[in-house]
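What follows is a set of notes on a single structure, which appears directly below.
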2 protein chains.
Amino acid sequence: MNKTHVLNGTRKTKQREAILKVLKDTNCHPGAHWIYEKVRREIPHISLGTVYRDLKILKEMGKIRELVFTGNMTHFDGITKQHIHFYCQKCNSISDIEEPVNMEIDKSVAAKNGFKVYCHRMDFFGLCRACRS
Amino acid sequence: MNKTHVLNGTRKTKQREAILKVLKDTNCHPGAHWIYEKVRREIPHISLGTVYRDLKILKEMGKIRELVFTGNMTHFDGITKQHIHFYCQKCNSISDIEEPVNMEIDKSVAAKNGFKVYCHRMDFFGLCRACRS
DNA sequence: TTAGATGCAAAGGGTTTGCAACGTC
DNA sequence: GACGTTGCAAACCCTTTGCATCTAA
């Protein structure tokens, strides 16, 4: 997933900066449209297409992460350190979980199966505190 | 996620049987369109809409599983027992991994966070044997 | 007989893209 | 000045849905 070779000429724009800031300042793991609405308060003329393009570039730069839980939409995370998520199947909210990530298991799976393993994801599904009642 | 209450009147149709059989007979974790093409050899007049509808019903019946790796498309799995997958980021192939699934961790996460936890998923990402060379 | 299932085609909805204008380096 | 970036709108593509017809029970 090393795509830095195509990102050498990446420029600094206020749109991209704003998008990154929005993601760093929230912990709600939003989708593109939520980010778009948020950035629009600061840059009213920004377009949704730009948000999608910049999210893709930021992801390739390794500054954000992409999270896919359901087939409906993609979520984004400003925290790039690998961590575990909980997905509420009722309200669709996403929470970070304070559970240690087993980094050694990647090597183990790679060795056992002959794969090149870059990373793994671990996510829990159920009902959040608000929805379980 | 108990939806059996809405599935009481489910009937047995050759389309649904064929879709389930295709999924049971492959280990390639296909998408809806692949299944559609496969079933079409047997039932030429089946429609893609039926495939999507039946996949949804089979999933709700617990006879198949839905796998979401990227935002592009949904994959389906005829094996319902929880297991771990490897996703090749180059050729997009999916492999089953022979790694034990920690079933206790669901309870632990539930207890620590106050969630109701139904299940978790664990997937590895990287390059498969064919693509790593 | 009757309610669920199907085929067909149209609609939905998140995401991508072509292009001319713009902004960064 | 060169080339990456943006806005806008149209296109894409997977998936869902309305409706008349069909069929399992």
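In the text below, chain A, chain B and the rest are named by the order of the sequence lines, each starting its count at 1. Small disclaimer: the values here were computed from a predicted structure and weren't measured.
- Side-chain to base pairing of B:Arg16 with C:dA5: no donor and acceptor N or O lie closer than 3.5 Å to each other.
- When hydrophobic clusters are built by joining Ile, Leu, Val, Met, Phe, Trp and Tyr residues whose side-chain heavy atoms come closer than 4.5 Å, directly or via intermediates, B:Leu55 is grouped together with B:Val22.
- The interatomic distance linking A:Arg53 (CZ) with D:dA11 (P) rounds to 17 Å, in whole Å.
- Taking a cutoff of 4.0 Å between a charged side-chain nitrogen and a carboxylate oxygen, A:Glu42 and A:Lys21 do not qualify as a salt bridge.
- Between B:Arg11 and A:Lys12, the one whose closest nucleotide on DNA chain C sits nearer the 5' end is B:Arg11.
- The distance between atom CD1 of B:Ile57 and atom C1' of D:dT17, rounded to the nearest whole Å, is 13 Å.
- Considering only side-chain N and O atoms, B:Thr10 lies nowhere under 4.0 angstrom from the phosphate OP1 or OP2 of C:dG4.
- Taking atom OH of B:Tyr52 as the reference point, atom C1' of C:dA10 lies 16 Å away to the nearest angstrom.
- No hydrogens or angles considered: nothing links the side chains of A:His120 and B:Asp123 as a donor-acceptor pair under 3.5 Å.
- Relative ring orientation between A:Phe86 and B:Phe115 is described as parallel, the plane-to-plane angle staying below 30° on a 0-90° scale split at 30° and 60°.
- In this structure, the CG atom of A:Asn72 is 12 Å from the C1' atom of C:dG12, given to the nearest Å.
- OP1 or OP2 of D:dA9 has not a single side-chain nitrogen or oxygen of A:Ser47 nearer than 4.0 Å.
- Going from atom CG of B:Leu48 over to atom C1' of C:dA10 covers 14 Å, rounded to whole Å.
- OP1 or OP2 of C:dG7 sits under 4.0 Å from a side-chain N or O of B:Gln15.
- As a whole-Å value, the separation of B:Lys56 NZ from C:dT6 P is 14 Å.
- Rounding to whole angstrom units, NE2 of residue B:His45 and C1' of C:dA5 are separated by 13 Å.
- Proximity note for A:Thr13 (side chain, C-beta onward) versus D:dT5, D:dT15, D:dG7: the nearest is D:dT5.
- Residues A:Met73 and B:Thr50 each lie close to DNA chain C; by heavy-atom proximity, the contact nearer the 5' end of the strand is made by B:Thr50.
- Side chain of A:His33 to backbone of A:Gly31: no donor-acceptor contact under 3.5 angstrom is found.
- Distance, A:Ile46 CD1 to D:dG7 P: 5 Å, rounded to whole Å.
- Residues from residues 29-40 of chain B with heavy atoms under 4.0 angstrom of DNA chain C: there are none.
- Between B:His85 and B:His29, the angle of the ring planes goes over 60°, which puts this pair in the perpendicular group of the 30/60° scheme.
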When you look at B:Glu17 and B:Lys14, which way does the salt bridge (charged side-chain N to carboxylate O under 4.0 Å, His left out) test go after all the steps? CA-CA 5 Å; B:Glu17 298 278 292; B:Lys14 66 171 193 285; over 6 Å; no

